[in-house]
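Have a look at the structure below, then the notes.
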Amino acid sequence: MLLLTVLLATTISTSVSAESKGFTDVGGLTEKEREQIKVLVDKGIINGYPDGTFRPYDKINRGQLATYLARALDLQMPKTPPRFKDVTVKASTYDGVVKAYGAGLMGEHKEGKFLPGATVSRRSLAVVLEDSLQMKERYPQGANVTYKDIGTLSKREKAAVQRLSHYEIIKPAADGFFRPNQDADRLTMVVALYGLMETRGMLKDFNDYTFDDYFSKVEWIDRKGIKSVSIYPKETLTEWSSQEVREKHSKRSFELLAADFGKDTRWMNTESLYVQYKCHEVFAGSRKVPWNLEPHRTETDYRATVRKSCNP
């Protein structure tokens with residue numbers, strides 16, 4: 001069961017940009033935590049307060065969590081928005097609540113209510129973050145955690161904590177306990193969202209990705225007399241969070257591939273190679289590796305390339 005305590009405050013804090021002087025109440029945080037706060041504030045995911053404070057230890061509620069997730073993950077409005085008895089269209093958390101619910105990350109509590117003002121326990125947060133991590137991509141690794149109170153978690157909660165710990169999205173309390181029933185605060189949310197976005201590659205500028213970010217190996221091979229570029233892609237190309245992200249990775253990775261292998265005299269018909277590349281990316285993915293591109297081919301129509309199993 002979710003451990004939720006109803007709070008009076010249900011609104012999102014008034015927007016305050018990350019000024020060079022920083023917030024007045026974050027001096028006791030680590031340099032990394034302050035940087036994480038700045039990054040998320042700069043991106044408009046979480047805000048400070050008009051008095052210049054960030055209030056890192058204020059508890060978060062369900063409405064705020066939904067809003068932060070919607071902003072961080074760029075969640076879309078569902079075609080048929082759900083209706084909750086306790087969340088009106090005028091509520092500051094309405095968009096976030098509807099989007100997080102529509103994405104399947106958060107559900108209603110009971111009797112048609114969302115309980116936007118209810119606090120979120122660390123065990124509940126772990127499950128929501130795990131679902132957020134696995135929305136479109138698959139992150140299978142899990143840490144062998146040794147928290148002193150791990151035995152109090154359900155099987156699903158334990159799996160979520162193990163996964164999130166491996167990817168450093170959520171961390172234990174300083175005393176070695178996970179504190180599953182403790183309410184999550186704004187600092188915990190910042191660290192978790194930063195880790196989530198970093199793991200999913202959402203913080204890195206696409207122009208900063210390098211050849212090695214996309215490919216484990218690329219080589220020229222001879223297949224029955226046909227010269228081919230043989231590509232072994234990394235997860236960055238085979239697992240993606242959205243169509244937009246995939247398109248950006250596809251363009252950037254092929255640019256890097258062409259810049260490196262395009263110097264070779266065996267490289268020709270670049271437009272056709274890109275169509276073959278896109279076809280392999282979409283239909284072969286990680287299921288059929290390597291991707292073999294054949295420079296001698298001249299077909300540039302994507303549909304025709306797909307009909308010919310990517311090598312027309």
Side-chain angles (χ1 to χ4, degrees), residues 1-16 36-37 39-41 43-49 54-136 156-157 160 164 169-170 180-197 199-200 202 241-242:
M1 296 293 292
L2 301 180
L3 181 65
L4 302 171
T5 306
V6 177
L7 293 180
L8 292 177
T10 62
T11 58
I12 301 298
S13 58
T14 303
S15 176
V16 175
Q36 290 171 332
I37 289 173
V39 169
L40 296 195
V41 170
K43 288 183 174 293
I45 295 169
I46 193 168
N47 304 314
Y49 292 85
F54 184 76
R55 305 178 194 177
Y57 302 114
D58 277 8
K59 308 303 181 186
I60 63 168
N61 58 47
R62 281 170 53 84
Q64 292 168 334
L65 172 59
T67 299
Y68 301 150
L69 287 172
R71 292 171 179 169
L73 304 178
D74 192 24
L75 301 180
Q76 303 302 304
M77 185 67 71
K79 292 182 179 179
T80 306
R83 294 183 179 181
F84 298 106
K85 296 178 181 178
D86 55 352
V87 183
T88 69
V89 293
K90 295 182 179 180
S92 61
T93 58
Y94 175 78
D95 276 9
V97 166
V98 171
K99 290 175 180 178
Y101 180 87
L105 300 180
M106 299 181 71
E108 64 181 299
H109 186 60
K110 59 181 178 180
E111 300 176 353
K113 295 182 178 181
F114 186 82
L115 299 185
T119 54
V120 183
S121 67
R122 284 170 58 84
R123 68 167 73 220
S124 302
L125 178 62
V127 172
V128 173
L129 291 172
E130 158 77 353
D131 289 344
S132 300
L133 178 65
Q134 307 284 10
M135 278 182 67
K136 296 276 182 78
R156 186 186 182 198
E157 291 168 345
L164 298 172
I169 294 173
I170 200 167
N181 295 330
Q182 180 176 301
D183 291 332
D185 56 33
R186 282 165 58 83
L187 179 59
T188 299
M189 188 73 255
V190 165
V191 173
L193 279 180
Y194 188 95
L196 175 66
M197 296 177 71
T199 300
R200 289 183 53 176
M202 301 175 74
S241 57
S242 69

Let me confirm one number: the OG1-CG distance from Thr93 to Asp86, rounded to the nearest 0.5 Å. 9.0 Å
Mind listing the closest non-hydrogen atom pair of Leu164 and Ala126 along with its distance? CD1-O, 3.2 Å
Could you tell me the separation between the CG atom of Leu133 and the CD1 atom of Ile170, rounded to the nearest 0.5 Å? 12.0 Å
Give the C-alpha distance, both sets of side-chain angles, the deciding distance and a yes or no for side chain to side chain contact (heavy atoms under 4.5 Å, CB included) between Gln76 and Lys99. CA-CA 6 Å; Gln76 303 302 304; Lys99 290 175 180 178; over 6 Å; no
Non-hydrogen atoms of Tyr194 and Leu40 that approach each other most closely: N-CD1, 4.2 Å
Hey, are the side chains of Leu75 and Met135 touching, using non-hydrogen atoms and a 4.5 Å cut-off? yes
Do you know which two heavy atoms are closest between Gly63 and Phe114, and how far apart they sit? N-CE2, 4.3 Å
Step-by-step side chain to side chain contact (heavy atoms under 4.5 Å, CB included) determination, Leu73 to Arg200: CA-CA 10 Å; Leu73 304 178; Arg200 289 183 53 176; 3.4 Å; yes
Any idea which heavy atoms bring Gly96 and Ala70 closest together, and the distance? CA-CB, 3.9 Å
Test side chain to side chain contact (heavy atoms under 4.5 Å, CB included) on Asp95 and Thr67; report intermediate values, then the result. CA-CA 7 Å; Asp95 276 9; Thr67 299; over 6 Å; no
Do Val98 and Pro78 come close enough that some side-chain heavy atom pair is under 4.5 Å? yes
Ignoring hydrogens and angles, state whether a donor on the side chain of Arg122 or Asn181 is under 3.5 Å from an acceptor on the partner side chain. no
Do Val190 and Ile46 have side chains that approach each other closer than 4.5 Å (heavy atoms only, starting at C-beta)? yes
Smallest heavy-atom separation, Gln64 atom then Lys59 atom, equals OE1-O, 3.9 Å
Any chance you could measure Ser132, atom OG, to Met197, atom CE, to the nearest 0.5 Å? 11.5 Å
Walk me through it: do Arg156 and Asp131 pass the test salt bridge (charged side-chain N to carboxylate O under 4.0 Å, His left out)? CA-CA 11 Å; Arg156 186 186 182 198; Asp131 289 344; 2.7 Å; yes
Quick one: pull up CG in Leu187 and CD1 in Ile60 and give me the separation to the nearest 0.5 Å. 11.0 Å
Hey, mind stepping through Leu69 and Val128 against side chain to side chain contact (heavy atoms under 4.5 Å, CB included) and telling me if it holds? CA-CA 9 Å; Leu69 287 172; Val128 173; 3.4 Å; yes
Quick one: pull up CZ in Arg186 and CG in Asp58 and give me the separation to the nearest 0.5 Å. 6.5 Å
Looking at Tyr49, is Arg55 sitting on its ring face, NZ or CZ under 6.0 Å from the six-membered ring centre and within 45 degrees of the normal? yes
Mind checking side-chain hydrogen bond (donor to acceptor under 3.5 Å, both in side chains) for Glu108 and listing every partner two or more places apart, or none if nothing turns up? none
If you compare all heavy atoms of Leu65 against all heavy atoms of Met189, which two are closest, and at what distance to 0.1 Å? CD1-SD, 3.4 Å
Can you measure from CG (Asp185) to CG (Leu125) and round to the nearest 0.5 angstrom? 10.0 Å
